[in-house]
Amino acid sequence: MADARLIIASNRLPFTVVDSNGRLELKASAGGLVTGLSAYLDSLQHSAFTNLVEYVWLGWPGASIDDEHKDGIKEVAATRFNAYPVFVQEETMEAFYHGFCNKTIWPLFHYFPSYVVYESESWESYREVNQYFCDAIMEVLRPSDILWIHDYHLMLLPRMIRQSMPDVPIGFFLHIPFPSFELFRLLPKKWAAGILEGLLGADLIGFHTHDYTQYFLRSVLRILGIEANMGQMFVDGRMVQADTFPMGIDFHRFNDAVVSKETEMERERLKNTLSDFKTIISVDRLDYSKGVLNRLEGFELFLKDNPQWHKKVVLLLVIVPSRIGVDRYQTIKTQIDQMVGNINGRFGTFNWMPIIYKYGHVPFHQLVALYNMSDVALITPLRDGMNLVSKEYVASRKDATGVLILSELAGASKELVEAVLINPNDRGEIAIAIKNALEMPLEEQKSRIEKMQSRLKKYDVVKWATDFIDELKDVKEGQSRFRTRMLSDVVRRKIIDDFVGANRCMIFLDYDGTLVPFADSPEKAVPSNEVLDLLKDLSEIPEVDLVIISGRDRDTLQKWLGNLNVGFVAEHGVWLKEKGKEWQLLKPMSAEWKNKLKPLLLRYVDKVPGSFLEEKEYSLSWHYRKCDPEQAVDAAKELTDLLLQVVANTEVQVIQGHKLIELRPSGIDKGKAALHFLSRADYDFILAIGDDRTDEDLFKELPSHAWTVRVGIVTSMAKLNAVSYRDVRSLLKELKNCTRGER
Ligand SMILES: O=P(O)(O)OC[C@H]1O[C@H](O[C@H]2O[C@H](CO)[C@@H](O)[C@H](O)[C@H]2O)[C@H](O)[C@@H](O)[C@@H]1O
Ligand SMILES: O=c1ccn([C@@H]2O[C@H](COP(=O)(O)OP(=O)(O)O)[C@@H](O)[C@H]2O)c(=O)[nH]1
Ligand SMILES: [Mg+2]
């Protein structure tokens with residue numbers, strides 16, 4: 001296989017350009033996304049298991065760059081980091097990054113709805129910057145590349161790229177939580193739909209936890225009306241997958257660094273001042289979502305309740321500067337500063353400060369030394385997409401001692417179940433957890449850390465990224481397999497050739513969803529003149545027999561289509577009408593059961609607003625097409641269960657159709673009805689088209705030479721799939737025209 005390039009797009013690059021007294025310098029960026037991805041990209045160079053050897057990382061260089069410096073930065077970015085900077089004007093970036101990203105999406109997705117700012121200008125900047133990224137990517141992207149887009153800054157980008165390059169594999173990974181529908185719906189409808197449609201431009205959309213994936217799928221269903229089956233959706237005829245990929249860390253980088261010289265030196269230096277104390281480490285970017293105030297309150301309560309621990313324990317609080325241009329971040333900084341001061345002032349003595357506070361970046365080896373020498377890690381976010389610090393702490397415990405206290409509201413808690421899990425809103429619980437952690441017996445510490453380590457070793461960051469890319473490739477393969485089932489030009493040509501060469505032709509056409517689109521209520525789906533003319537023309541071809549094979553009642557079919565010289569099947573096969581003959585029952589049957597079962601269906605009509613009952617001569621249908629989709633689906637399952645119990649051992653069957661449940665006599669279906677018509681002549685061309693589960697009975701019964709087409713992109717017994725009724729009409733038009741032309 002040829003080498004493919006991996007193109008990564010994220011807001012932040014692995015470096016940030018900073019202005020140091022008028023000189024531009026490149027500094028390593030902080031944050032989980034950059035740390036994790038860098039480790040994976042490094043691994044590509046040494047891996048024998050991938051054909052992705054080349055990569056380009058596109059992103060914002062972290063500052064607004066003057067024109068005169070752009071080329072220089074571009075060159076360093078390319079040579080030192082394989083990066084391609086996306087330059088954005090300061091004001092636009094301000095409204096995008098400090099605005100929509102970090103004042104709208106970030107607080108909303110982290111369950112701080114009262115912090116969310118709704119400003120249409122910043123939404124516009126969000127679109128604008130996503131478009132800049134799209135333009136920059138299009139400068140480097142080739143159709144043979146794989147594009148992997150990261151995080152909440154770029155949620156509109158997948159669709160933008162898809163519009164320019166329809167087949168390129170696009171993956172998207174969200175590093176922060178996807179909120180529950182009740183929160184997501186707070187966004188103005190245009191934004192919410194825009195974000196979901198933007199994301200669905202990707203082929204694979206990944207999340208850290210199963211919950212986030214489910215919340216996303218639910219929003220897609222509720223806002224866009226797109227249903228998913230095991231995370232698989234069909235969007236404009238394209239298969240899209242959502243799935244869960246918990247991000248790991250570079251386990252060995254941390255584990256090995258513990259014994260490096262540099263770490264050893266750092267540890268010695270730290271021990272000089274800290275050797276008399278048990279230490280608790282806490283490391284976070286400055287962020288209100290990290291729950292630092294709760295943590296400090298919990299620690300304060302612990303000190304109040306446990307005087308025996310005074311002068312014996314120190315909390316090492318590392319806060320890495322972040323997003324300081326957003327007011328809320330300034331506020332939280334002031335609050336942390338004050339609270340640290342209060343606690344130290346309240347409990348501290350001249351030779352003991354309970355909290356040692358560092359506001360700034362920590363170099364890698366110092367970080368590992370801190371993790372390694374700390375008896376406890378205290379990590380208490382109020383919400384966190386994943387939280388890699390907790391994993392890094394565990395990886396840095398070379399002797400398997402140490403205790404991790406972790407918030408159950410961090411994505412990492414789903415994997416690190418052996419941690420001491422706490423609810424960060426419960427200060428009392430934090431205080432008790434600290435005491436228990438400090439006093440935990442060594443064997444218990446080891447048994448917990450060892451279990452977590454073995455998991456982190458296995459599911460490291462390389463595994464995370466490889467799993468994601470492999471699944472993206474699988475989705476692409478699935479899509480191309482599906483494409484061979486589509487009613488393409490080539491396939492249409494074959495059908496037409498077959499049709500032209502045949503002596504006797506049978507065409508079975510379903511009505512709703514196949515010849516006409518669905519209407520709000522069944523009586524509104526009247527055939528247009530276009531459809532009537534088309535059917536008339538086809539039916540007038542002497543070698544053709546046309547049968548409308550529908551679930552509708554015979555009166556409606558008669559009223560709407562009765563002037564045509566065609567055969568009919570009504571009520572899914574209860575009634576048949578051959579050309580020019582009278583209606584007949586497929587077999588003798590009774591309709592007495594209807595009176596018994598109708599009240600049950602009516603109960604569900606009352607229960608589910610918007611649902612209604614359709615009564616036909618020998619069948620009853622409960623429709624829920626206009627209802628709240630989730631309530632209706634649940635109710636439909638419940639009703640089906642109930643009905644199945646009631647009809648057991650009777651002559652009635654329960655059928656689930658497209659947003660309906662139908663009751664009809666057993667032994668009746670479209671397939672059996674079709675066989676009746678086929679027995680009348682020797683057909684060497686058969687075409688059957690339908691859009692519903694009830695049409696599957698038809699596809700199933702037809703001989704192997706029949707052309708069968710399921711309308712809708714779903715799995716089916718039919719040989720082919722068509723996107724919508726429009727494709728059906730154009731195929732029928734071609735059939736009609738070709739016959740005339742060739743005659
Ligand atoms: O780029 P910044 O605005 O300075 O913020 C730093 C990063 O913060 C967020 O990190 C998330 O990704 C981690 C790895 O998946 C995850 O562990 C953590 O829970 C998330 O908050 C943000 O998503 C990144 O885009 C930022 O670069
Ligand atoms: O001075 C520091 C301290 C920490 N980190 C790293 O920042 C990341 C933080 O990731 P996490 O997932 O915990 O949270 P995020 O900041 O992404 O929300 C971790 O990999 C840390 O090692 C860093 O780059 N510089
Ligand atoms: Mg139909």
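One-based numbering, in listed order, for ligands and for the atoms of each. Note: hydrogens, waters and symmetry copies are ignored here, and every other heavy atom, side chains too, is used.
- Here K290 has side-chain heavy atoms under 4.0 Å from ligand 2, and that is the only part of it that gets that close.
- The pair D327-K103 fails the salt-bridge criterion, with no side-chain N (NZ, NE, NH1 or NH2) lying under 4.0 Å from an Asp/Glu carboxylate O.
- There is a side-chain donor-acceptor pair under 3.5 Å between T16 and R12.
- Under 4.0 Å is where a charged nitrogen must lie from a carboxylate oxygen, and between R693 and E696 no such pair does.
- Using a cut-off of 4.0 Å between Lys/Arg side-chain N and Asp/Glu carboxylate O, D460 and K463 are scored as not salt-bridged.
- Taking only nitrogen or oxygen atoms, main chain and side chain alike, L367 does not reach within less than 3.5 Å of ligand 2.
- Here the protein heavy atom with the shortest distance to atom 12 (O) of ligand 2 is L388 N, 2.9 Å.
- Taken to the nearest 0.5 Å, the CG atom of L409 stands 11.0 Å off from the OG atom of S289.
- Residue Y97 places a heavy atom under 4.0 Å from ligand 1.
- For the Mg ion (ligand 3), the set of nearby N, O or S atoms under 2.8 Å includes none belonging to D695.
- Those atoms of ligand 2 with a heavy atom of R285 less than 4.0 angstrom away are 15 (P), 16 (O), 18 (O).
- Using a 4.0 Å cut-off between heavy atoms, M386 contacts ligand 1 through both its backbone and its side chain.
- Residue contacts with ligand 1 for W106 involve side-chain atoms from C-beta outward but no N, CA, C or O (heavy atoms, distance under 4.0 Å).
- Taking each of H208, H110, H153, H175 in turn, the one with a heavy atom nearest to atom 20 (C) of ligand 1 proves to be H175.
- To the nearest 0.5 Å, atom CG of residue L157 and atom CG of residue L147 are 6.5 Å apart.
- At a 4.0 Å heavy-atom cut-off, ligand 2 touches V320 through the side chain alone.
- Distances from atom 20 (O) of ligand 2 to the heavy atoms of M247, H110, E392 put E392 nearest.
- The nearest protein atom to atom 23 (C) of ligand 2, hydrogens excluded, is given as A30 CB, 3.9 Å; this is a heavy-atom distance.
- The atom name of the N/O/S atom in D512 closest to the Mg ion (ligand 3) is O.
- Of the charged side-chain nitrogens involved, at least one lies within less than 4.0 Å of a carboxylate oxygen, so that K616 and E662 count as a salt-bridged pair.
- Looking from atom 7 (O) of ligand 2 to the surrounding protein, the closest heavy atom is G31 N, 3.3 Å.
- Under the side chain to side chain contact (heavy atoms under 4.5 Å, CB included) rule, F508 has a single partner from T708, V569, L702, which is L702.
- In terms of protein heavy atoms, atom 9 (C) of ligand 2 is closest to G32 N, 3.5 Å.
- Using a 4.0 Å cut-off between heavy atoms, H150 makes no contact with ligand 1 at all.
- Close N/O approach between V389 and ligand 2 is found [any backbone or side-chain N/O within under 3.5 Å].
- The proximity of T35 to ligand 2, defined as any non-hydrogen pair under 4.0 Å, is limited to the side chain.
- Of the heavy atoms in N387, only backbone atoms (N, CA, C, O) come closer than 4.0 Å to ligand 1.
- Between the CG atom in L535 and the CG atom in L732 there is a gap of 7.0 Å [rounded to 0.5 Å].
- Taking 2.8 Å as the threshold, D510 counts as a candidate ligand of the Mg ion (ligand 3), since one of its N, O or S atoms lies below it.
- Contact between D151 and ligand 1 is present, with at least one heavy atom of the residue lying under 4.0 Å from the ligand.
- Remark: distances from the non-hydrogen atoms of W464 to ligand 1 are all 4.0 Å or more.
- With a heavy-atom cut-off of 4.0 Å, L33 touches ligand 1 through backbone and side chain alike.
- For the atom pair CG of L108 and OH of Y115, the computed distance is 14.0 Å after rounding to the nearest 0.5 Å.
- Contacts between M386 and ligand 2, counted as non-hydrogen atom pairs separated by less than 4.0 Å, are absent for every part of the residue.
- Closest to the Mg ion (ligand 3) among the N, O or S atoms of D691 is OD1.
- Protein heavy atom at the shortest distance from atom 1 (O) of ligand 2 is V362 N, 2.7 Å.
- Using a 4.0 Å cutoff on heavy atoms, V34 does not count as a contact of ligand 1.
- We find that E415 and K391 are joined by a salt bridge, their nearest charged nitrogen and carboxylate oxygen being less than 4.0 Å apart.
- Residue contacts with ligand 1, taken as heavy atom pairs separated by less than 4.0 Å, involve L388 via backbone and side-chain atoms alike.
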